[in-house]
Chemist: 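Sending over a structure as structure tokens; questions will come in a sec.
Letters A, B, ... mirror the listed sequences (proteins, then strands); counts begin at 1. Atoms considered below: every heavy atom in the structure, side chains included; atoms not considered: hydrogens, waters and symmetry mates.
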There are 2 protein chains.
Amino acid sequence: MSAIADVARLAGVAKATASRALSGRGYVSEATRLRVVAAAREIGYVASPNAASLVTGRTKNVGVIIPFISRWFFSEVLESLEQALLAEGYDMTLYNLPAASAERDSVFEYFLARKRFDGVISVGVALSEAEVDRLHRLGRPLIGIGGPIRDVHTIAIDDVATARLATEHLLGLGHVDVVHVGGDPIDEMDFRVHSQRLSGFYSAMRDAGRSTDRCFYPCEFSMPGGYEVGLSVLGDPRTRPTAIFAASDEIAIGVIVAARELGIQVPAELSVIGIDGHPYADMFRLTTLEQHPRRQGRLAVSALLTELARPTDADARLEEDGYLTVLPTNLVIRSSTSGPHRPRS
Amino acid sequence: MSAIADVARLAGVAKATASRALSGRGYVSEATRLRVVAAAREIGYVASPNAASLVTGRTKNVGVIIPFISRWFFSEVLESLEQALLAEGYDMTLYNLPAASAERDSVFEYFLARKRFDGVISVGVALSEAEVDRLHRLGRPLIGIGGPIRDVHTIAIDDVATARLATEHLLGLGHVDVVHVGGDPIDEMDFRVHSQRLSGFYSAMRDAGRSTDRCFYPCEFSMPGGYEVGLSVLGDPRTRPTAIFAASDEIAIGVIVAARELGIQVPAELSVIGIDGHPYADMFRLTTLEQHPRRQGRLAVSALLTELARPTDADARLEEDGYLTVLPTNLVIRSSTSGPHRPRS
DNA sequence: TTGAAAGCGCTAACAA
DNA sequence: TTGTTAGCGCTTTCAA
């Protein structure tokens, strides 16, 4: 393939001049710039990013570590990251990080150690202390999405507050029997979303003077998970709640499917609220709190670019703008969430 | 950071020897190899992939181009690709390729032209002639998933045959009023899945002596798309079909949700069959044909590695093993798909 | 079996 | 404003 030397020769300039003309760094007269660009175009020159990286240390590539790719929130974030990075001329290398395992270690020990990126965006991964240290030692900016990482600027929603909001919404409608269906705090591997959303729920309940006994049902964090628990929670008409706060829209939808299968009208007889702003919300008449994954992705990219542009004094940087950007969630009533159908208290 | 020179110095050998010892290429005595490895480990040496690529031309990176990331089939493929590549020591760089657009062009003109990969896997993208040429001119192996690409080894299912199978299954149950809900052939941008599945449906119907009038309903290729069309197709009890073949499980689920909302029992009163093997199939009592996305991903990676290992005579290579690996689909009855509830003919 | 030297393609000092 | 020179960190002839 053609090298920059070919371009230089064709344009009648030195390699360095050609380099300056094409990269835009350094002074070049407009006339020669044009000549060089024309020459490059003529022979279809594309710079070797390897050679450039070798000398500059910059790769024009960003690494993204993410624990799932098919869950709605994650795939949305991923797509927005890819688009935002592409627009800035960055490649995106994806590292699907499983829970603690040999592959996970290999990502850190081998793949991330190669440092083929200018920065890293960590999406919804709860990193161990050792992993955070390792990442910091790479000497590359790191931005988080979805939960706090030590000394790292993170974009996230406030899970506790959001869960409170959702619960208060149901309480405000006059519901007495409100339960929470969510991920089990025992096996949460992402941030502590499971326990945070649970605790937001509990505190809203307590503040409203409600008992918190027997009103949390753990489930697998997915639509089938919500379905399964929905069947059992709603199975007995005598103990059936009138409102359910689900930790995610996917869980909520599972619950709704179960409810309908049991002959319960949703939303007429049962109010369900979720978190996410999932595109299926409409067809299931689901009320939800939008979590704006794409906006989180875009913000993460711009935060990363900002750090990339700055001098490398990490400490000063962090003191300056703090660690956390918290996005507000907003309630979207996809249907008329209703009050209790058969108040029982 | 430490360079190979440091390792060499510490081990008391030349750079070249250290390189041979660490990369495994070339003769090194076992004794020195051990010494070099120990030295490398001691100072935490990690080779610079850039420098290595610069001289070898190999990047240990694979580019993946894909049009969607949140549709089930695509996210499954993506996850399996990532895992298979990681296991082989390859990074995966993701290019989310939109329909014809400026960004799409930029992916080809700029990002792919940089050639930061040893090979490319194209997932479900219908490439234009010009794009295929461009890809071939990169001089890197290319493997496809999901549909034929000129001169490229592709992993796929047979969409026509699969659609036939699904339709025949419904016909075999005794259904008379069978319709197809699927993507509109007009706006298909991926391969021709929409029209292929439609034509498989038509030919099965014709072979069974059925009329093909008014039995195809185009919809957006998603769950809400199926829902919307489901509502209208099933809305009128007088013209309601007894069985529906949906082009994908997501569409099928949308149809089922619509049916249940209209008070139709599924599967008792309406049989629905889809394609994909979606994990939600169970909870919606959906019969489906598995399309094994993860297996397709793994096969694509191994095909790519094979090409990577071979001498570079592309023509010989293709003649040898043909262009297409067609995976069999298998019918999974997630529930007792039933015969017609109220035969009307 | 090992070492010395050349060079992959580029950018960044420095000099002109 | 441009050219010359010196590497970035590695692999790979070729010679010892």
Chemist: Any idea which of dC10(C), dT2(C), dT1(D) is nearest the S48(A) side chain?
Modeler: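 Given the options dC10(C), dT2(C), dT1(D), the side chain of S48(A) is closest to dC10(C).
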Chemist: Between atom NZ in K115(A) and atom C1' in dG9(D), what is the gap in whole Å?
Modeler: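 In whole Å, dG9(D) C1' lies 13 Å from K115(A) NZ.
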Chemist: Map G26(A) and P49(B) onto DNA chain D by nearest heavy atom, then report which one ends up closer to the 5' terminus.
Modeler: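 Residue closer to the 5' terminus by nearest nucleotide: G26(A).
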Chemist: To the nearest Å, give me how far apart CG (D6(A)) and C1' (dC10(C)) are.
Modeler: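 From D6(A) CG to dC10(C) C1': 13 Å.
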Chemist: Can you tell me which residue pairs pass the side-chain hydrogen bond (donor to acceptor under 3.5 Å, both in side chains) test with a partner in residues 1-10 of chain A, sequence neighbours excluded?
Modeler: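 Counting only pairs at least two positions apart or across chains, the side-chain hydrogen bond (donor to acceptor under 3.5 Å, both in side chains) contacts touching residues 1-10 of chain A are D6(A)-R9(A).
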Chemist: When all nucleic acid strands are considered with a 4.0 Å heavy-atom cut-off, which category describes S53(B): base, sugar-phosphate, or nothing?
Modeler: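 The residue S53(B) makes no contact with any strand.
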Chemist: Taking the cut-offs as 6.0 angstrom to the six-membered ring centre and 45 degrees off its axis, would you call R104(A) and F108(A) a cation-pi pair?
Modeler: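 Not satisfied by the 6.0 Å and 45° rule.
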Chemist: Quick one: are L78(B) and V123(B) in side-chain contact, heavy atoms under 4.5 Å?
Modeler: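 No, their side chains stay 4.5 Å or more apart.
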Chemist: Measure from the side chain of A51(A), starting at C-beta and using heavy atoms only, and say which of dC10(C), dT1(C), dA12(C) lies closest.
Modeler: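 Selected nucleotide: dC10(C).
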Chemist: With a 4.0 Å cut-off, would you call E30(B) and R33(B) a salt bridge?
Modeler: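 So E30(B) pairs with R33(B) through a salt bridge.
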Chemist: Keeping the roles fixed (side chain from S122(B), backbone from G144(B)), state whether a donor-acceptor pair exists under 3.5 Å.
Modeler: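 Such a contact is absent between S122(B) side chain and G144(B) backbone.
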Chemist: Would you indicate whether the side-chain heavy atoms of V107(B) and L112(B) approach each other to under 4.5 Å?
Modeler: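 In contact.
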Chemist: Can you tell if the side chain of R298(B) reaches within under 4.5 Å of the side chain of Q83(B), non-hydrogen atoms only?
Modeler: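 Heavy-atom side-chain distance check fails, nothing below 4.5 Å.
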Chemist: Rounded to the nearest Å, what distance is computed from the OH atom of residue Y45(B) to the C1' atom of nucleotide dT11(D)?
Modeler: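 Between C1' of dT11(D) and OH of Y45(B): 10 Å.
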Chemist: Report the distance from atom CG of N50(B) to atom C1' of dT11(D), rounded to the nearest whole Å.
Modeler: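 Those two atoms, CG and C1', are 14 Å apart.
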Chemist: Take the protein atom CZ of R58(A) and the nucleotide atom P of dC10(C), then report the distance between them rounded to whole Å.
Modeler: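 Atom CZ in R58(A) sits about 19 Å away from atom P in dC10(C).
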Chemist: If you assign each of L54(B) and R35(B) to its closest nucleotide in DNA chain C, which residue comes earlier from the 5' end?
Modeler: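 Taking each residue's closest nucleotide, the earlier one in sequence belongs to R35(B).
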Chemist: Taking N or O atoms only and anything under 3.5 Å, show me the protein contacts with nucleotides 3-6 of chain C, one pair per line.
Modeler:
from: dG3(C); atom 1: OP2; to: A14(B); atom 2: N; distance (Å): 2.9
from: dG3(C); atom 1: OP2; to: T17(B); atom 2: OG1; distance (Å): 2.6
from: dG3(C); atom 1: N7; to: R20(B); atom 2: NH2; distance (Å): 2.8
from: dG3(C); atom 1: O6; to: R20(B); atom 2: NH1; distance (Å): 3.1

Chemist: Can you tell which of dT11(D), dT2(D), dC10(C) lies closest to the side chain of V55(B)?
Modeler: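 For V55(B), the side-chain atoms sit closest to dT11(D).
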Chemist: Mind calculating the distance between CD1 (I43(A)) and C1' (dG9(C)) to the nearest angstrom?
Modeler: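 It works out to 13 Å between those atoms.
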Chemist: Establish, with yes or no, whether the OP1 or OP2 oxygen of dT1(C) is under 4.0 angstrom from a side-chain nitrogen or oxygen of T32(B).
Modeler: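 Negative; the distance criterion is not met.
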Chemist: How many Å lie between CZ on R114(B) and P on dG9(C), as a whole number?
Modeler: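 Interatomic distance, CZ of R114(B) to P of dG9(C): 18 Å.
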Chemist: Y95(B) vs V125(B), test: side chain to side chain contact (heavy atoms under 4.5 Å, CB included). Steps then yes/no.
Modeler: CA-CA 11 Å; Y95(B) 300 97; V125(B) 212; over 6 Å; no
Chemist: Quick one: on DNA chain C, does A5(A) or S29(B) contact a more 5' nucleotide (nearest heavy atom)?
Modeler: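 Nearest-nucleotide comparison on DNA chain C picks S29(B).
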Chemist: From the list dC10(C), dT12(D), dT2(C), which nucleotide is the closest neighbour of the side chain of A52(A)?
Modeler: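 Of dC10(C), dT12(D), dT2(C), dC10(C) is nearest to the side chain of A52(A).
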Chemist: Look at T56(B) and dT12(D) and indicate whether a side-chain polar atom (N or O) is within less than 4.0 Å of OP1 or OP2.
Modeler: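 So the side-chain polar atoms of T56(B) never come under 4.0 Å of the phosphate oxygens OP1 or OP2 of dT12(D).
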Chemist: Grab the OH-C1' distance between Y27(A) and dA16(C) for me, whole Å please.
Modeler: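 Value for this atom pair: 17 Å.
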